[in-house]
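Written below as structure tokens is the structure these notes are about.
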Amino acid sequence: MSHYTEEQNLFRQSYRKFLETEIAPHMERWRQNGIVDRWAFTKAGEQGFLMIWPDEKYGGMGDRDFRYEQIIIEETVRAGVGEWFNTLHSRLVGTYFERFGTEEQKERFLPKCVKGETILAIAMTEPGAGSDLAGMRTTAVDAGDHYLLNGSKTFISNGINADVVIVAAKLGSATERHSMVLLIVERGMEGFERGRNLKKMGMPAQDTAELFFNDVKVPKANVLGTPGRGFYHLMEGLAEERLIAAVGNAANARRAFDITRAYCLERKLFGKTLAEQQNTQFRMAEMDAEIDLVQVYVNHCVQALNAGTLTANMAAKAKMLASEVEWKMLDLGVQLHGGHGYMDEFPISRMFTDARINRILAGSSEVMRLIIGREVFSDRYRSMFD
């Protein structure tokens with residue numbers, strides 16, 4: 001039984017064609033330039049492929065079914081254009097306005113976000129604070145009609161292209177380590193500066209930057225959610241963020257499998273194709289089964305998200321398993337390609353280096369194990385045999 005509706009399958013076909021004609025032909029140039037052209041966002045916005053969930057009055061479809069975003073993620077991976085971080089803009093950051101934004105903020109920001117005229121980013125990570133958000137040092141001091149923002153962020157995706165950045169900061173007067181505020185920082189605000197477009201091991205087309213805030217006056221109208229509750233606002237979005245990562249990881253594992261399978265059917269060794277070698281068959285059989293099992297669990301989590309029952313534990317399992325299976329498949333793919341797997345002209349080589357971050361971003365595999373392990377030994381744990 002299909003996980004998708006007929007309407008969603010038609011959406012997939014349209015989006016696939018859009019990527020093949022409008023996005024994929026430019027990816028090599030974007031990799032060389034270190035950044036995706038801004039028009040990629042506006043082109044997607046024009047055709048209704050950028051943000052699906054906002055209500056029609058803001059320019060969206062008003063359909064909050066996560067399966068649309070799952071299709072977008074899967075097809076983006078399939079086309080080999082994952083460095084265009086459209087889902088970061090559309091679903092990971094954009095939904096903060098739905099969860100915590102005022103009506104005035106939604107009217108002010110969402111229509112341009114839907115059109116791709118305003119590009120979004122979120123800034124949490126600092127040089128000394130990654131997964132431990134409570135360790136951040138960026139501060140926001142209440143100055144009457146505005147907050148005075150000071151500090152720096154690093155590894156910010158869309159950091160160069162972004163017009164609006166949701167910045168997490170410690171409340172300057174607070175003593176509670178989790179007391180934070182989310183601020184909407186806009187391009188052009190005095191004291192808001194961007195640093196380097198950071199050079200990375202992989203995904204060179206995805207602009208990743210340092211951001212600096214020096215006495216930035218952020219008006220109270222740009223406070224997102226409740227001051228002091230920023231940490232908990234961030235936590236509320238993490239389960240979906242990790243599911244977004246898991247969807248992409250599972251899709252990338254399948255793409256690596258397909259590419260490796262095709263290579264093994266053609267490459268000959270000692271008079272036989274690699275596909276005829278028993279070792280190749282056994283290893284690929286194992287990966288086919290593991291990828292399928294991960295995909296089933298990811299689909300289960302998507303259904304849970306739609307039903308409002310996705311938990312942090314479920315999302316952590318999906319993210320950990322999908323990223324680990326993806327890495328296992330990519331490592332096998334490079335190995336079966338032999339020397340060709342080390343050459344940049346072969347897709348498996350780029351996929352290998354691009355994917356190394358996936359066991360780190362959105363929470364490392366070690367942090368996922370901590371989250372899962374805590375529940376295993378908590379009173380909340382329930383065995384299927386209980």
Side-chain angles (χ1 to χ4, degrees), residues 1-4 70 73-80 82 201-203 242-303 314-366 368-369 372-373 376 383-385:
M1 184 176 178
S2 176
H3 176 64
Y4 302 99
Q70 185 177 11
I73 296 167
E74 289 174 346
E75 290 301 317
T76 301
V77 168
R78 179 186 178 275
M201 176 190 294
M203 299 201 299
R242 285 162 182 163
L243 179 57
I244 286 170
V247 169
N249 298 159
N252 205 39
R254 179 53 67 186
R255 179 174 182 243
F257 180 92
D258 291 344
I259 288 172
T260 303
R261 178 183 178 276
Y263 181 84
C264 290
L265 286 167
E266 296 292 331
R267 180 69 171 174
K268 288 192 174 182
L269 183 68
F270 304 126
K272 292 183 178 181
T273 65
L274 281 176
E276 294 176 286
Q277 309 288 342
Q278 189 180 63
N279 177 69
T280 305
Q281 293 176 1
F282 281 6
R283 297 293 304 280
M284 289 290 281
E286 291 171 0
M287 291 313 310
D288 191 33
E290 289 187 39
I291 295 167
D292 269 357
L293 287 172
V294 164
Q295 187 64 61
V296 169
Y297 186 66
V298 167
N299 290 347
H300 169 69
C301 288
V302 169
Q303 292 171 335
M314 292 168 65
K317 288 175 180 176
K319 200 274 177 181
M320 181 191 74
L321 289 172
S323 62
E324 294 288 346
V325 167
E326 174 196 35
W327 185 248
K328 188 176 177 181
M329 181 61 240
L330 284 165
D331 186 60
L332 176 62
V334 170
Q335 189 69 21
L336 290 178
H337 274 73
H340 291 148
Y342 203 66
M343 299 296 109
D344 191 59
E345 64 190 273
F346 283 78
I348 199 71
S349 174
R350 288 185 172 185
M351 291 174 69
F352 183 86
T353 52
D354 287 348
R356 184 56 187 89
I357 189 62
N358 291 341
R359 291 188 294 154
I360 299 173
L361 59 73
S364 68
S365 292
E366 290 75 19
M368 296 304 97
R369 291 184 176 95
I372 299 164
V376 166
S383 168
M384 67 177 288
F385 299 109

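As the structure is a prediction and not an experimental result, all values here were calculated from the model. Here, residue 1 is the first one in the sequence, and each next residue gets the next number.
- Using a distance-only test at 3.5 Å, with no hydrogens or angles considered, no donor-acceptor pair links the side chain of D354 to the main chain of G202.
- For the pair D331/Q335, no side-chain contact is recorded, criterion being any heavy-atom separation below 4.5 Å from C-beta on.
- What you find for V294 and A250 is that their closest heavy atoms are CG1-CB, 4.1 Å.
- Under a 3.5 Å cut-off, the side chain of Q281 and the backbone N or O of A275 do form a donor-acceptor pair.
- R242 places a side-chain N or O within 3.5 Å of a backbone atom of A362 that can act as its donor or acceptor partner.
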Intermediate values then yes/no, side chain to side chain contact (heavy atoms under 4.5 Å, CB included), D258 and R254: CA-CA 6 Å; D258 291 344; R254 179 53 67 186; 3.9 Å; yes
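- Remark: side-chain polar atoms of H337 are paired, donor with acceptor, to backbone N or O of G333 under 3.5 angstrom.
- A donor-acceptor distance shorter than 3.5 angstrom exists from the side chain of N249 to the backbone of A245, with no hydrogens or angles considered.
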task: Please report the C-alpha distance between I357 and M201 in whole Å, then the side-chain angles of each, then the deciding distance to 0.1 Å, and finally whether the side chain to side chain contact (heavy atoms under 4.5 Å, CB included) criterion is met.
output: CA-CA 9 Å; I357 189 62; M201 176 190 294; over 6 Å; no
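- In this structure, the side chain of K319 does not engage the main chain of S365 through any donor-acceptor pair within 3.5 Å.
- The distance from the OG1 atom of T260 to the CE atom of M287 is 9.5 Å, given to the nearest 0.5 Å.
- F352 and L330 get closest at one heavy-atom pair: CD1-O, 3.9 Å.
- A distance of 6.5 Å separates CE in M284 from CG in L332, rounded to the nearest 0.5 Å.
- Nearest approach of R359 to W327, heavy atoms of both residues: NH2-NE1, 3.2 Å.
- Counting heavy atoms from C-beta on, the side chains of Y342 and V334 never come closer than 4.5 Å.
- Under a 4.0 Å N-O distance rule, the pair D288/R283 does not qualify as a salt bridge.
- A heavy-atom distance below 4.5 Å is found between the side chains of H3 and Q303.
- Remark: E286 does not engage K328 in a salt bridge, criterion side-chain N to carboxylate O under 4.0 Å.
- Nearest heavy-atom pair across G341 and S349 is O-CB, 3.2 Å.
- Across all non-hydrogen atoms, the minimal contact from L336 to L274 is O-CD1, 3.3 Å.
- Between the CG atom in L265 and the OG1 atom in T280 there is a gap of 10.5 Å [rounded to 0.5 Å].
- Q70 CD to E75 CD: the interatomic distance, rounded to the nearest 0.5 Å, is 11.0 Å.
- Nearest approach of A256 to I348, heavy atoms of both residues: CB-CD1, 4.0 Å.
- Atom CZ of residue R369 and atom OG of residue S364 lie 8.5 Å apart, to the nearest 0.5 angstrom.
- With values rounded to the nearest 0.5 angstrom, M329 atom CE is found 10.5 Å from N252 atom CG.
- Side-chain polar atoms of N299 and Q295 form a donor-acceptor pair below 3.5 angstrom.
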